[in-house]
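Following: one structure in structure tokens, then a few remarks.
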2 protein chains.
Amino acid sequence: MDNRILKGSLTTIILKLLEDNHRMYGYEMTKAVKELSNEKMTITEAALYPALHKLVEDGLLTTSSEIVDGRIRKYYSLTKEGKKETQTKIEALKSALESIQIILNPDLRNG
Amino acid sequence: MDNRILKGSLTTIILKLLEDNHRMYGYEMTKAVKELSNEKMTITEAALYPALHKLVEDGLLTTSSEIVDGRIRKYYSLTKEGKKETQTKIEALKSALESIQIILNPDLRNG
DNA sequence: ATTATATACCTAACAATATTATGTATTATT
DNA sequence: AATAATACATAATATTGTTAGGTATATAAT
């Protein structure tokens, strides 16, 4: 991701995208994050693909390849275990974001 | 920090703490983050001290040591350059948090 | 008195995660 | 014909944090 910030959230972002979209391929995820963040955030493919492979290896995602317009697309979906883990990871990330928000916004401390 | 999330935000958190408190020592920072986050977030000293040293090395912080109750305290403060960098880093982190919020909360997408 | 906890600093070896730099291949656009 | 977009991927390196340990003083508990 750009700006060297928020490393460690990539896996959670992938899982969340798949929870919302049910079925996505890698390149599509990079475009989705770019669009959702108004070009502010970028997932590099060099970070994304190894992360996806690890999620498959860990049993959280399954894949199915298709050829579309002469090019390969490798679709990813959440497994049952992946759906569970998605909830856990999202809650953990939300909690962390809240903590950081409090540190960044003193106004919230007295509100 | 706990839970292997939000790596890369440590430096910004340090700078923000120093912006708010003007003068802090390392151990104090670990306590502050623990308290602000209601024990949800922990800065480990093994992550903190090298980060502080690097910020000094980069000219963003200065130090002054004192002996209090027979123990050494190494106080850190923002330099002029550090104050500038703090603004930049905070803005970048806020922007990243917003992007992640949008991805995590679909409700915000249609709001 | 002794043990444990809290305060306060620190480093070394290792692991996880992302960046930079490439590479391959097809299709669409200029 | 050249460039950009689509779509996958890896290797070398850098960054950042974890695990595990170390030193030392002060205070509270047994």
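Below, all heavy atoms of this structure are taken into account, side chains as well, without hydrogens, waters or symmetry copies. Every chain is numbered from 1 and lettered A, B, ... according to where its sequence line falls, protein lines coming before strand lines.
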Original post:
When the distance from CG of L48(A) to P of dT17(C) is rounded to whole Å, what number comes out?
Top reply: 14 Å
Subject >> Under-4.0 Å side-chain N/O to phosphate OP1/OP2 contact, R71(A) with dT27(C) >> reply: no
Subject >> Selection from dT19(C), dC10(C), dT6(D) that lies nearest to any side-chain heavy atom of A46(A) >> reply: dT19(C)
Subject >> Residue K7(B), side-chain heavy atoms: nucleotide from dA8(C), dA16(C), dT10(D) that is nearest >> reply: dA16(C)
Subject >> For atom CD of E66(B) and atom P of dT25(D), their distance in whole Å >> reply: 19 Å
Subject >> Whole-Å gap separating C1' (dT7(C)) and CZ (R73(B)) >> reply: 9 Å
Original post:
Do K80(B) and E85(B) meet the salt-bridge criterion of a basic N to acidic O distance under 4.0 Å?
Top reply: no
Subject >> Residues K84(B) and E81(B) bridged, charged N to O under 4.0 Å >> reply: no
Original post:
How long is the line joining CG of D69(B) and C1' of dA24(D), in whole Å?
Top reply: 14 Å
Subject >> Value in whole Å for how far the P atom of dT16(D) lies from CG of L10(A) >> reply: 17 Å
Original post:
Between Y49(B) and dT11(C), does any side-chain N or O lie under 4.0 Å from OP1 or OP2?
Top reply: no
Original post:
Looking for any heavy atom pair under 4.0 Å, which part of the strands does K54(A) touch: base, sugar-phosphate only, or nothing?
Top reply: nothing
Original post:
K74(A) side chain: which of dA9(D), dA8(C), dT11(C) is closest?
Top reply: dA9(D)
**OP:** Please evaluate the base of dC10(C) for a donor-acceptor partner in the side chain of E45(B) within a cut-off of under 3.5 Å?
**Re:** no
Original post:
Below 4.0 angstrom from OP1 or OP2 of dC8(D), is there any side-chain N or O of Y25(A)?
Top reply: no
Original post:
NZ of K31(A) versus C1' of dT6(D): gap in Å, rounded?
Top reply: 8 Å
Original post:
Counting only side-chain N and O atoms of T44(B), is one of them less than 4.0 Å from OP1 or OP2 of dG17(D)?
Top reply: no
Subject >> Residue Y27(A), side-chain atoms from C-beta onward, closest of dC8(D), dC10(C), dC9(C) >> reply: dC8(D)
Original post:
Just wondering, do T30(B) and T42(B) contact through their side chains at under 4.5 Å, heavy atoms?
Top reply: no
Original post:
Rounded to the Å, how far apart are I14(A) CD1 and dT17(C) P?
Top reply: 11 Å
Original post:
Do the charged groups of K16(A) and E19(A) touch, with an N to O distance under 4.0 Å?
Top reply: yes
Subject >> Atom-to-atom span, OH of Y75(B) to P of dT7(C) - whole angstrom >> reply: 14 Å
Subject >> Short N-O contact, E28(A) and K74(A), less than 4.0 angstrom >> reply: no
**OP:** Ignoring the backbone of H53(B), work out which of dA8(C), dT7(C), dT11(C) is nearest its side chain.
**Re:** dT11(C)
